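Small disclaimer: the values here were computed from a predicted structure and weren't measured. Order of appearance sets the numbers: ligands from 1, and atoms from 1 within every ligand.
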Amino acid sequence: MPTQSVTSAHKPQITISSSPREASAGLAASIAEAIRDRASQGKTYTLGLATGSTPIPLYQELIRLHREAGLSFRNVYSFNLDEYYGMSPSHSKSYHHFMRNALFDEIDIPTEQWHIPNGETPRNEIGRHCQAYEEAIENAGGIDLQILGIGRTGHIGFNEPPSQADSATRLIILDPLTKKDAAPTFGGVEHVPNEAITLGVSNILKARQIALMAWGEGKSEILARTFNMLPTPNLPATFLLKHPNFSVYLDRAAAQKLPPNLTCQPL
Ligand code: F6R
């Protein structure tokens with residue numbers, strides 16, 4: 001497929017920082033401000049959350065703000081993007097377990113206010129489970145800010161290529177490259193689940209604001225391709241270019257192959 005310059009009406013806001021920690025601190029500060037602003041109006045704030053290595057510095061900074069700056073998450077609702085299929089919430093490699101360790105057990109978000117797809121849903125109930133998950137997001141007022149990482153296949157959530165712009169929450173087969181990248185965590189590719197339940201691209205695009213984070217040279221190639229292409233199901237992250245409020249947080253290593261025509265903001 002020929003590469004083309006981005007002609008989307010909305011240019012993403014790209015911030016390049018010297019480290020993941022520095023980039024995450026900036027994003028965490030704006031999240032804290034939004035949460036406090038809503039709390040002062042007696043309103044809730046809804047976060048869409050990701051797992052994996054990318055958001056860890058962001059979660060560490062949010063925990064620090066909770067402990068040291070009195071940031072409360074009592075008015076926060078959250079919905080995670082995905083969960084491995086066939087995995088119990090208590091499994092040490094489940095995204096439930098990850099999120100409890102990385103964030104939820106360290107802050108004051110009420111248990112009934114965070115949500116993750118259930119990887120143990122019986123196969124014949126997956127459609128109903130996914131629909132109920134989408135309805136719960138709607139009932140919470142929709143996602144205010146969706147946090148995203150990006151996979152080397154170009155996936156967002158676990159929307160592997162090809163995923164359509166109108167794809168909904170569903171069971172998906174993981175790409176071999178995604179399984180390979182997860183192999184060290186699982187102690188071998190043979191232990192990585194084959195499937196996951198993921199929010200669809202359409203659900204992600206409904207968020208009022210989207211923040212994509214990526215660190216390290218290993219993400220530079222897929223980022224360069226993402227920002228050089230018109231939106232295509234073959235690289236699902238390209239659909240983010242259609243979103244009017246899309247920000248990108250990178251370190252220098254991840255940003256090194258970006259096309260020069262993008263407006264970058266070095267810190
Ligand atoms: C995780 C998720 C994935 C990851 C992506 C990058 O909930 O939805 O899209 O964000 O696979 O993973 P890391 O951050 O481990 O490089």
Side-chain angles (χ1 to χ4, degrees), residues 19-21 23-24 27 47-61 78-85 87 89 91 93-104 114-119 130 133 137 143 145-163 167-186 189 192-205 207 210-223 225-226 235-240 246-251 253-255:
S19 69
R21 204 169 152 207
S24 301
L27 179 56
L47 281 167
L49 297 177
T51 51
S53 59
T54 306
I56 289 176
L58 173 69
Y59 297 158
Q60 285 172 343
E61 179 61 10
S78 76
F79 292 88
N80 265 77
L81 284 163
D82 39 26
E83 177 60 285
Y84 290 114
Y85 186 62
M87 198 166 265
H91 192 288
K93 305 298 180 208
S94 74
Y95 283 164
H96 272 79
H97 192 265
F98 174 95
M99 286 307 300
R100 291 200 80 127
N101 270 325
L103 185 65
F104 299 147
W114 57 261
H115 307 80
I116 305 180
N118 180 2
C130 292
Y133 199 73
I137 294 174
I143 291 172
L145 170 65
Q146 177 66 59
I147 303 294
L148 294 175
I150 182 169
R152 290 197 304 142
T153 61
H155 71 215
I156 46 173
F158 273 138
N159 291 284
E160 300 285 17
S163 283
S167 56
T169 306
R170 66 202 186 286
L171 185 71
I172 192 150
I173 297 173
L174 296 175
D175 189 278
L177 179 57
T178 299
K179 289 186 67 180
K180 187 175 159 219
D181 285 347
T185 308
F186 281 86
V189 77
V192 181
N194 288 319
E195 296 164 295
I197 295 177
T198 182
L199 275 189
V201 176
S202 72
N203 310 113
I204 292 171
L205 291 177
I210 297 180
L212 174 84
M213 300 182 290
W215 325 126
E217 196 186 348
K219 297 289 170 76
S220 61
E221 190 66 45
I222 193 65
L223 288 166
R225 285 173 54 211
T226 300
L235 204 168
T238 55
F239 289 124
L240 299 171
F246 171 40
S247 306
V248 184
Y249 295 80
L250 307 175
D251 65 0

List the closest protein heavy-atom neighbour of [atom]: residue, atom name, distance to the nearest 0.1 Å.
| atom | result |
| --- | --- |
| atom 10 (O) of ligand 1 | Gly149 CA, 3.4 Å |
| atom 15 (O) of ligand 1 | Ser53 N, 2.9 Å |
| atom 3 (C) of ligand 1 | Gly157 O, 3.5 Å |
| atom 12 (O) of ligand 1 | Lys219 NZ, 4.2 Å |
| atom 2 (C) of ligand 1 | Asp82 OD2, 3.3 Å |
| atom 1 (C) of ligand 1 | Thr51 OG1, 3.1 Å |

With respect to atom 11 (O) of ligand 1, which of Glu83, His155, Glu160 exhibits the smallest heavy-atom separation?
-> His155
Closest to atom 6 (C) of ligand 1 (judged by heavy-atom distance), picking from Asn80, Leu49, Leu81, Ile150 | Ile150
Starting at [atom1] of [X], measure out to [atom2] of [Y] and round the result to the nearest 0.5 Å.
| X | Y | atom1 | atom2 | result |
| --- | --- | --- | --- | --- |
| Leu49 | Ile116 | CG | CD1 | 8.5 Å |
| Tyr95 | Phe158 | OH | CZ | 3.5 Å |
| Leu145 | Ser78 | CG | OG | 12.0 Å |

Give a yes-or-no answer on whether the side chains of Arg100 and Ser94 include a donor-acceptor pair shorter than 3.5 Å.
-> no
Phe186/Tyr84 aromatic ring centres below 6.0 Å = yes
Per-atom filter on ligand 1: closer than 4.0 angstrom to a heavy atom of Gly52 are 14 (O), 15 (O)
Would you check, one step at a time, whether the test side-chain contact (heavy atoms from CB on, under 4.5 Å) holds for Glu160 with Thr178?
-> CA-CA 9 Å; Glu160 300 285 17; Thr178 299; 2.6 Å; yes
Starting from the C-alpha separation in whole Å, work towards a yes-or-no answer on side-chain contact (heavy atoms from CB on, under 4.5 Å) for Gln146 and Leu199.
-> CA-CA 11 Å; Gln146 177 66 59; Leu199 275 189; 4.2 Å; yes
Any chance you could lay out the side-chain hydrogen bond (donor to acceptor under 3.5 Å, both in side chains) test for Asn159 and Arg170, step after step, and finish with the verdict?
-> CA-CA 9 Å; Asn159 291 284; Arg170 66 202 186 286; 2.8 Å; yes
Select one of side chain, backbone, both or neither to describe which atoms of Thr54 lie under 4.0 Å from any atom of ligand 1, heavy atoms only.
-> both
Any N/O of Ala50 closer than 3.5 Å to an N/O of ligand 1?
-> no
